[in-house]
A.B. asks: 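Before I ask anything, let me first share the structure, which is written out below as structure tokens.
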Amino acid sequence: MAARNVIPLSDYNISFDSTLTCVADYIRLGRFSSVTVLVDEHTKIHCLPLLQAALGSEFTCNTIEITAGEAHKTLSTCEVVWAGLLELNVDRKGLLVNLGGGVIGDLGGFVASCFKRGIAFIQVPTTLLAQVDASVGGKLGVDFQYGKNIIGLFRNPGLVVVNTGFLGTLPDRQLKNGFSEIFKHALIRDAAQWESLQQLTTLRAGDIEPLVYHSVLIKKQVVEEDPYERNLRKILNFGHTLGHAVEAWSLGHDADPLLHGEAVVVGMIMEAFLSAAHCGLAAKDLENISGTLLRHYGHYALQADAGQLWPYLLMDKKNSDGKVQCVLLNAPGQPVTDMPLTLADVEQAVAYYRSLAV
Ligand SMILES: NC(=O)c1ccc[n+]([C@@H]2O[C@H](COP(=O)([O-])OP(=O)(O)OC[C@H]3O[C@@H](n4cnc5c(N)ncnc54)[C@H](O)[C@@H]3O)[C@@H](O)[C@H]2O)c1
Ligand SMILES: [Zn+2]
């Protein structure tokens, strides 16, 4: 186990630590003037007691609680947290511990980065999505008006602590939401891992740590090679161009909208189809990608047609020169970036996805 306990990055570590003792070690070494833990109502119940037990009586920690959910990833929630920090007299030597999913991590990191021109923060991700994706790579921020992650910055935490034990209380749907990024990481970077993921019969939290570790390693390698998303990092967007459009559509039209990861699954299937059409992805690989993802996630009754998805695609942050672009695959593990996407492509991809309904 020891060899796979820590993934070092250039300026911080990702520690796999089910005991959370590395948090206490970090606080002790950092000589912080105060420690504040940011939670939401779910992580306060399910995760905070574990952290408090690990910290013991050696440290006094204050807690700031925000309301769970993407709808609260806003500047007004930031103001609540900033006010809380002021009330607690947190100075520039204070530490913020972000204990929660991607919302807590993105918002808490942003809050810490701006408070008194920046205080230290660490990420203790408690959802699978946050462990394999959101907490690695230094992207922080909040939603603004109708756009996701419009206000934000790149800044690395002092430490990321991954304890897959937290996932035991995560609702099944949230667990599968994070699993989609595990599938994505394998598809863009590791054909052998993709082969082994295809053997999974169920997506469960038990024995998940090796999969999380492997996935984090892939994300770490990609973000380290390209921290500011100039080139290689774009491969992380596989499934996300069409996925984001489907996600936005679903949010505006479905009574029970798709979660991000569920929409990305639809996006990966459609982009795998386009990969077979334009980039030589083998028919067998397309069949395996669609088959594996549908087996775990089921088929979403996509009501939107290509013309209705197109406006969302035009707003995609990854576009350049007014052209819609996406990431396709030559083969599992071999992505191609900056592939142009036309309305006709989207029409065909939607038709393919719909044809998979049983
Ligand atoms: N920074 C990045 O690179 C990056 C990457 C991917 C996603 N994100 C962001 O992450 C966010 C989504 O993250 P998420 O899926 O973790 O959502 P989330 O933070 O909303 O958490 C999902 C739900 O699970 C609950 N929860 C968290 N941990 C729990 C636990 N251990 N037991 C029981 N319930 C628990 C939360 O309270 C919440 O209700 C989005 O805002 C997205 O933009 C950021
Ligand atoms: Zn994603």
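Just so you know, ligand 1 is whichever comes first in the structure, and atom 1 is the first atom listed for that ligand.
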A.B. asks: If the threshold is 4.0 Å, N to carboxylate O, is there a salt bridge linking Asp106 and Lys148?
C.D. replies: no
A.B. asks: Counting neighbours of NZ on Lys220 that are heavy atoms of other residues, nucleotides or ligands and sit closer than 6.0 Å, is the number greater than 12?
C.D. replies: yes
A.B. asks: Which ligand 1 atoms are under 4.0 Å away from a heavy-atom of Lys139?
C.D. replies: 1 (N), 3 (O)
A.B. asks: Under 4.0 Å from a heavy atom of Gln174: which atoms of ligand 1 are those, numbered in the order shown and with their elements?
C.D. replies: 22 (C), 23 (C)
A.B. asks: At less than 4.0 angstrom from any non-hydrogen atom of Lys73, what atoms of ligand 1 do you find?
C.D. replies: 9 (C), 40 (C), 41 (O), 42 (C), 43 (O)
A.B. asks: List ligand 1 atoms under 4.0 Å from Thr126, heavy atoms only on the residue side.
C.D. replies: 27 (C), 28 (N), 29 (C), 30 (C), 31 (N)
A.B. asks: If we set the cut-off at 4.0 Å for heavy atoms, which region of His46 has an atom near ligand 1: side chain, backbone, both, or neither?
C.D. replies: side chain
A.B. asks: Quick one: sort the His299 and Tyr353 rings into parallel, tilted or perpendicular, breaks at 30° and 60°.
C.D. replies: parallel
A.B. asks: Check contact between His240 and ligand 1, using heavy atoms of the residue and a distance below 4.0 angstrom.
C.D. replies: no
A.B. asks: So, 2.8 Å as the limit: is an N/O/S atom of Glu181 located closer than that to the Zn ion (ligand 2)?
C.D. replies: yes
A.B. asks: Might you confirm whether atom CG of Asp11 has over 12 heavy atoms from other residues, nucleotides or ligands at distances under 6.0 Å?
C.D. replies: yes
A.B. asks: Please work out whether any backbone atom (N, CA, C, O) or any side-chain heavy atom from C-beta onward of Asn177 is under 4.0 Å from ligand 1, and answer side chain, backbone, both or neither.
C.D. replies: side chain
A.B. asks: Hey, which atoms in ligand 1 end up nearer than 4.0 Å to a heavy atom of Thr43?
C.D. replies: 27 (C), 28 (N)
A.B. asks: Could Asp338 and Lys234 be called an ion pair, given the rule that one side-chain N must be under 4.0 Å from one carboxylate O?
C.D. replies: yes
A.B. asks: Any idea which atoms of ligand 1 are less than 4.0 Å away from a heavy-atom of Leu129?
C.D. replies: 7 (C), 10 (O), 12 (C), 13 (O), 14 (P), 15 (O)
A.B. asks: For ligand 1, indicate whether the residue Thr169 contacts it via side chain, backbone, both or neither (heavy-atom separation under 4.0 Å).
C.D. replies: both
A.B. asks: Any idea which protein heavy atom is nearest atom 18 (P) of ligand 1, and the distance to it?
C.D. replies: Val103 CG2, 3.9 Å
A.B. asks: Could you tell me whether the side chain of Ser15 and the main chain of Asp17 form a donor-acceptor pair under 3.5 Å?
C.D. replies: no
A.B. asks: At under 4.0 Å between heavy atoms, is it the side chain or the backbone of Lys148 that contacts ligand 1, or both, or neither?
C.D. replies: side chain
A.B. asks: Once you restrict to heavy atoms under 4.0 Å, what part of Glu41 touches ligand 1? Side chain, backbone, both or neither.
C.D. replies: neither
A.B. asks: Would you call the rings of Trp194 and Phe183 parallel, tilted or perpendicular, taking 30° and 60° as the class edges?
C.D. replies: perpendicular
A.B. asks: Could you pull out, from Gly152, Cys47, Gly102, the option with a heavy atom nearest to atom 14 (P) of ligand 1?
C.D. replies: Gly102
A.B. asks: How close does the nearest protein non-hydrogen atom get to atom 6 (C) of ligand 1, and which residue and atom is it?
C.D. replies: Asp133 OD2, 3.5 Å
A.B. asks: Which ligand 1 atoms does Ala68 reach within 4.0 Å, using its non-hydrogen atoms?
C.D. replies: 37 (O), 39 (O)
A.B. asks: Applying a 4.0 Å heavy-atom criterion (strictly less than), which segment of Asp40 is in contact with ligand 1: side chain, backbone, both, or neither?
C.D. replies: side chain
A.B. asks: Within the supplied structure, the quantity of interest is the number of heavy atoms (other residues, nucleotides, ligands) at a distance under 6.0 Å from Lys116 NZ; does it exceed 12?
C.D. replies: yes
A.B. asks: Would you kindly specify which portion of Leu140 sits under 4.0 Å from ligand 1, judged on non-hydrogen atoms: side chain, backbone, both or neither?
C.D. replies: neither
A.B. asks: Tell me: protein heavy atom nearest atom 9 (C) of ligand 1, and distance?
C.D. replies: Asp106 OD2, 3.4 Å
A.B. asks: Mind checking whether Leu170 contacts ligand 1 via backbone (N, CA, C, O), side chain (CB onward), both or neither, at a 4.0 Å heavy-atom cut-off?
C.D. replies: both
A.B. asks: Which atoms of ligand 1 have any heavy atom of Lys219 under 4.0 Å away?
C.D. replies: 3 (O)
A.B. asks: Among Ala134, Gly69, Ala71, which one has a heavy atom closest to atom 2 (C) of ligand 1?
C.D. replies: Ala134
A.B. asks: State whether Tyr297 and Lys176 meet the cation-pi test: NZ (Lys) or CZ (Arg) under 6.0 Å from the six-membered ring centroid, and within 45° of the perpendicular axis.
C.D. replies: yes
